[in-house]
Every structure is written in structure tokens, then in C-alpha cells.
Amino acid sequence: MENVRNLDLLPQPMLQRMMQYGIAIDRDHFRELSRRLDEEMRILEAEICSYIPPEKLQEFISRSNLSSEDDYLPMNVDSGAQLARLFFDVMGIGSGRELKQTKSGNRISTGKKQLEQLKRGNPVVQKTLDYRERAKLKSTYTDALPQLAREHLARTCWCGLKHWDTTYRIHSEFLSTRTDTGRFASKNPNLQNIPVRTELGRLIRAGFIPSPGCRLVGVDFSQEEMRIGAHLSRDRNLIRIFNEGLDPHEETARIVFKIPADQKPDKLSQRDPARHLNFGIFYGLTPMGLQDQLGVTYATAGTELPEWITEEWCAELIADWYSGYSGVVDYIDQQRYRARRYGIVWTMMGRVRRVPEVRSVHRWIREAGLRQAGNAPIQGTGADWMRLVMGKLEPVFLELLNLGVWVWPLLTIHDELMVEVEELYAEYVRDRMIDAFESVLTDEDTGECVFRVPIKAEGKMMDYWKKGN
DNA sequence: CAGCACGGCGCG
DNA sequence: ACCGCGCCGTGCTG
């Protein structure tokens with residue numbers, strides 16, 4: 001009952017305010033970005049089409065589904081099916097290598113992982129990757145977002161004087177009961193998947209801005225899920241790492257690669273794989289999954305995946321991770337036991353996740369259920385924390401509003417909460433938020449905290465939405 | 001024309 | 001075929 005109040009009811013007012021008020025965007029920024037992407041895509045698609053041999057042109061034209069506006073092109077570069085025909089049937093790219101089929105087995109996959117493997121074989125592959133990145137960003141973000149923006153008066157603040165200014169704002173819908181783990185979901189548009197990982201993607205993030213006279217303030221839990229994993233599993237090593245304030249990815253690299261205490265792990269070949277292990281383990285990582293993931297990492301770094309990264313090598317790495325963090329193995333096993341025995345697993349706060357899949361007659365379904373059982377308490381506890389934080393901060397923000405300080409919640413992305421604040425108070429609000437995050441499990445009366453490792457949060461103030469500080 | 005499954009990909 | 005989401009374009013069907 002207490003959980004229903006704290007986890008389900010208390011976040012609602014803040015969610016309502018996020019949805020109702022929205023977040024401001026710079027429409028011209030997106031329009032300019034769309035124009036640029038369009039320009040680059042036209043060049044890339046023409047280049048890609050130029051790889052069609054002359055004698056095959058008619059065949060491609062007849063099979064493509066292009067509208068009259070772009071019928072100067074013989075094929076539709078957005079179509080995976082048509083690309084597969086060009087690459088694998090006509091050009092013979094990757095012949096002699098093992099090529100992944102699509103799930104339904106109709107054709108060879110043209111997905112990123114596959115293309116990364118093949119991009120040294122022929123320049124058309126890299127061009128396709130570049131085209132894909134741009135097509136994704138344009139259709140999902142730079143074209144769509146300005147369309148969704150509505151003119152909206154916003155409370156702003158100039159030199160301490162409050163007034164109302166015209167802004168163009170996006171009103172996403174945040175769903176409280178959509179996910180199986182307790183996380184929130186966001187739709188129309190989804191504000192929880194705005195790009196950040198690539199340089200080009202970060203230009204899209206930059207189109208999200210505070211109301212005039214305000215700053216964006218973002219606070220997130222640092223290494224939230226691993227800390228939760230450390231607590232729930234009571235693993236000695238994991239707990240020690242966080243209590244001593246060490247970098248968990250670096251420490252994991254030390255463990256699995258047996259690096260002497262006086263040496264630093266190499267970023268690409270040691271720290272990055274260790275990082276993927278740390279995240280992946282709680283997802284039920286398989287050797288093949290790890291190998292795939294590392295393939296992408298190396299390809300992104302512009303290097304070929306080294307010969308010695310085989311499935312067996314990945315399996316050993318996972319085994320080494322397990323022996324380094326044996327408490328985590330026991331913990332995951334316990335969750336799997338509960339899933340099989342009771343059909344449910346639960347978070348630190350007692351939020352329940354049903355996992356009927358573990359009793360399926362189908363092996364694949366069963367195994368997926370067991371992975372979900374291992375992951376759900378961790379991901380779900382993280383979601384619980386955000387719910388508690390929102391419940392705790394709501395009265396803080398309302399109090400500030402009553403005092404005449406403009407502060408308004410904008411969005412939440414699982415372990416992160418973003419608000420806008422009038423400039424003078426941004427730093428203050430950031431620090432209040434960090435406090436709220438870090439004391440999420442601290443009893444307000446006794447000051448006691450039962451968590452086995454420190455809970456850390458990071459905050460930043462921004463004039464536009466960006467990564468880092 | 002709308003609706004759907006699929007392949008693909010953005011985020012934590 | 002590694003957890004949790006939502007959205008895009010294609011290609012097909014009713």
C-alpha cells in the first residue's frame with residue numbers, strides 16, 4: 001500500500017506538469033539540420049546507386065517503388081531488400097564470409113552489425129552506413145519534431161523580471177504503466193531516445209533549449225544499475241569498488257585481463273570490453289552477444305575486429321567476470337530460482353514482475369524469461385528510485401514556484417531528470433536535485449540509509465541540451 | 001486507403 | 001540469439 005502511494009501516485013503530478021508544459025525547441029535549428037541532411041543524403045544515395053552495373057539498371061528500376069519525384073534514381077536506398085539484392089546478389093560483397101540472415105530468413109541482413117563487418121570490402125558499404133545514419137536522424141527527429149511543436153507562452157525571466165514569451169514546445173506523453181519493469185515510457189514523440197552517441201546526433205540534442213532567461217538542469221544517477229547490482233548481490237568486490245570510489249569499468253578490466261595495480265587498462269582493447277561486460281552481465285549476456293557488441297565497438301573506432309576475439313575468447317571473458325564477481329552469479333541464480341518457483345521476481349521496493357515465460361515449453365522463451373528475471377529487479381529498482389525522487393522533488397519545486405522562482409520539470413530518461421530553471425537559481429536547484437537523488441534511500445527522520453554502497457548523482461547546467469558538462 | 005509484420009535503429 | 005522502450009520506411013494484405 002505504501003508502495004502504491006510512493007511509486008505510483010506521487011510521481012503523477014510531476015509527469016502531468018511535464019506533459020502539459022512541454023519542452024522548448026529551436027525550430028529553425030531543426031529545419032536547417034533537415035536541409036543539411038537532405039543535401040548529404042542526395043549525394044550519398046546517388047553514389048550508392050552508381051554501383052549498380054549498367055546491364056542491371058532496368059531490373060532495379062522495375063523493382064523499385066520510387067515516386068515520380070525521385071525517379072532519377074534506379075533503386076530505393078531506404079529498402080533493405082533492394083540493398084541486399086545489390087550488395088549480395090549483384091556485387092557479391094562478402095562472398096566467402098558468413099553472412100547473417102534476417103530473422104525470418106528471407107534474405108541476408110543489411111543491419112549495422114553486418115555492414116560494419118563488410119565495410120572494408122567495398123566503399124559502397126560505408127556510404128550506406130552514412131546514409132542510414134542521416135536517414136534515421138532526419139525522418140525520426142529533424143523532420144518530425146518541428147511538426148509536433150506548438151506555439152506556447154512560456155514563463156520566462158530576464159534580469160529578475162518575469163514575463164511571458166512565445167516559445168515552440170514539444171508535448172510528449174509520459175506513460176507510467178507501460179513497461180514491465182516500472183520504468184516510464186515516452187511517446188508522441190519519444191523524448192527518451194533523442195540522439196547523443198554520435199557527433200551528428202548531438203546536433204539534434206542541441207535543438208532542445210530552455211525557455212528564455214532559463215537554463216536546463218539535468219541530474220542523473222551515476223552507474224545506477226551497477227550500484228544496485230552491488231547492493232542486491234552483496235558481491236564483495238563490487239561493493240569494495242564503489243566504497244573506495246574506484247572506476248568500475250577500469251577495475252573490471254583489471255580483474256578479467258589481470259592487469260597489475262600500477263598499470264592502466266588500454267581503452268579500446270580492455271576498458272571498453274570490460275564496460276560492455278559490466279552492462280551486459282545483468283542482461284544475461286551470451287558469448288555471441290558479447291562478440292557482436294565488441295565488433296561494433298571496434299568498427300566504430302575504425303579498426304577491424306582482432307582475430308583473437310572469438311566466441312570462445314568471449315566465453316572465457318564472461319567466465320572470468322563471473323569468478324571475479326561471484327556474488328553476482330549467486331544473485332542472478334537466486335532470481336532465476338524465484339522466477340521458476342514463484343513465477344515472479346521483485347525490486348528492492350517490492351515492485352513485482354511476473355515472468356511466466358520461465359515455464360514455457362519452448363527453450364528459447366524459457367531462456368529469455370530467465371534473462372528477464374535476472375535483469376528486472378535491477379532495472380526495476382532503478383525505476384523505483386526515479387519514482388521516489390520525483391515524488392520527493394515535486395513539493396520542493398512547488399515551494400520554489402511559490403517563492404517566485406521559476407523551475408519546471410521537463411522530462412525523465414530512466415536515470416535522469418531534466419528541468420528548466422531561471423538562470424540565477426539554476427545552480428541552487430541543481431544542488432537540491434543532486435541531494436534528492438543521493439539521499440533517495442535515506443530515511444528523512446533518522447538519517448539512516450541501508451544501502452551498501454554510496455549513491456552518487458551528477459548534475460549539469462546547460463544553455464541547450466548536450467552531453468557531459 | 002488503412003493496418004500489419006518486419007527490419008532496422010535511436011536512447012538508458 | 002543481450003534487458004527495457006518507441007518510431008521510421010518498406011512491402012504486403014485486406
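Labels below follow one simple rule: chain letters A, B, ... track the order of the sequence lines, proteins then strands, and each chain is numbered from 1.
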Consider side chain to side chain contact (heavy atoms under 4.5 Å, CB included). Of A:Leu73, A:Thr128, A:Ile43, which one does A:Ile48 pass it with? A:Thr128

Regarding C:dC2, can its base be found pairing with the side chain of A:Gln293 as donor and acceptor, where the two atoms are less than 3.5 Å apart? yes

Would you say A:Thr179 places a side-chain N or O within less than 4.0 Å of OP1 or OP2 belonging to C:dG4? no

Spacing of A:Met418 atom CE relative to B:dG12 atom C1', expressed in whole Å: 15 Å

Quick one: is C:dC2 close enough that its OP1 or OP2 comes under 4.0 Å of any side-chain N or O from A:Gln291? no

If only side-chain N and O atoms of A:Arg134 are considered, is one of them under 4.0 Å from the OP1 or OP2 phosphate oxygen of B:dC9? no

So, is A:Arg178 close to the C:dG6 phosphate, meaning a side-chain N or O under 4.0 Å from OP1 or OP2? yes

Any A:Thr110 side-chain N or O less than 4.0 Å from OP1/OP2 of B:dG8: yes

So, for A:His152 and A:Tyr21, is the gap between ring centers shorter than 6.0 Å? yes

Rounding to an integer number of Å, can you tell me how far A:Leu191 CG sits from C:dC7 C1'? 13 Å

Candidates C:dG9, C:dG6, B:dG7 - which lies nearest the side chain of A:Lys103: B:dG7

Has A:Thr140 got a side-chain N or O lying under 4.0 Å from the OP1 or OP2 atom of C:dC7? no

So, OP1 or OP2 of C:dC3: does either fall under 4.0 Å of a side-chain N or O from A:Thr181? no

How is A:Gln82 classified with respect to the nucleic acid when contacts are heavy atoms under 4.0 Å: base, sugar-phosphate, or nothing? sugar-phosphate

When rounded to whole Å, the CG to P distance for the pair A:Asn106 and B:dG7 reads 7 Å

Side chain A:Gln379 and base C:dC3 donor-acceptor under 3.5 Å: yes

Tell me, please, whether A:Tyr141 has A:Lys138 positioned over its six-membered ring: NZ or CZ under 6.0 Å from the ring centre and within 45 degrees of its axis? no

Under 4.0 Å, counting only non-hydrogen atoms across every strand here, what does A:Gly80 touch: a base, just sugar-phosphate, or nothing? nothing

To the nearest Å, give me how far apart CG (A:Leu115) and C1' (B:dC9) are. 12 Å

Using 30° and 60° as the class limits, which term best fits the ring planes of A:His231 and A:Phe451: parallel, tilted or perpendicular? parallel

Does A:Ser79 have a side-chain nitrogen or oxygen under 4.0 Å from the phosphate oxygens OP1 or OP2 of C:dG9? no

Which part of the nucleic acid does A:Asp220 contact within heavy-atom distance under 4.0 Å: base, sugar-phosphate only, or nothing? nothing

Could one point to a donor on the side chain of A:Lys136 or the base of B:dC9 with an acceptor on the other under 3.5 Å away? yes

Please report the distance, rounded to the nearest Å, between CZ in A:Phe174 and P in C:dC5. 16 Å

Tell me what A:Asp180 touches on the nucleic acid: a base, only sugar-phosphate, or nothing, going by heavy atoms under 4.0 Å. sugar-phosphate

Hey, does the side-chain of A:Asn193 have a donor or acceptor N/O within less than 3.5 Å of a partner on the base of B:dG10? yes

A:Tyr283-C:dC2 aromatic stacking (under 5.5 Å, under 30°): no

Reckon A:Arg353 has a side-chain N or O less than 4.0 Å from the OP1 or OP2 of C:dG4? yes

Among B:dC9, B:dG8, C:dC2, which nucleotide sits nearest the side chain of A:Arg107? B:dG8

For A:Ile413, report the nucleic acid contact type (base, sugar-phosphate, nothing); a contact means any heavy atom under 4.0 Å. sugar-phosphate

Euclidean distance, atom CG of residue A:Leu294 to atom P of C:dC2 [Å, nearest integer]: 13 Å

Which part of the nucleic acid, if any, lies within reach of A:Lys187 when heavy atoms closer than 4.0 Å are counted: base, sugar-phosphate only, or nothing? sugar-phosphate

Output field: ring centroids A:His249/A:Phe279 closer than 6.0 Å: yes

Quick one: A:Asn76 CG to C:dG9 P, roughly how many Å, whole number? 11 Å

Taking the basic N atoms (NZ, or NE/NH1/NH2) and the acidic carboxylate oxygens, is any pair closer than 4.0 Å for A:Glu394 and A:Arg17? yes

Please work out if A:Arg63 contacts a base, only the sugar-phosphate, or nothing of the nucleic acid, heavy-atom cut-off 4.0 Å. nothing

Rounded to whole Å, CG of A:Leu137 lies from P of C:dC7 at a distance of 16 Å

Would you state whether a donor and an acceptor, one from the side chain of A:Arg183 and one from the base of B:dG12, lie under 3.5 Å apart? yes

Measure from the side-chain heavy atoms of A:Ser104 and tell me the nearest of B:dG12, C:dC2, B:dG7. B:dG7

Quick one: label A:Asn188 by what it contacts on the DNA or RNA (base, sugar-phosphate, nothing), any heavy atom closer than 4.0 Å. sugar-phosphate

Has A:Arg85 got its NZ or CZ under 6.0 Å from the middle of the six-membered ring of A:Phe60, at an angle within 45 degrees of the ring axis? yes

With sugar-phosphate meaning primed atoms plus P, OP1 and OP2, does A:Arg132 contact a base, only sugar-phosphate, or nothing at under 4.0 Å between heavy atoms? sugar-phosphate

Does A:Lys113 make a side-chain N or O approach to OP1 or OP2 of B:dC9 shorter than 4.0 Å? no

Reckon A:Tyr141 touches a base, only the sugar-phosphate, or nothing at all at heavy-atom distances under 4.0 Å? sugar-phosphate

Parallel, tilted or perpendicular for A:Phe437 and A:Phe221, by the 30°/60° rule? tilted

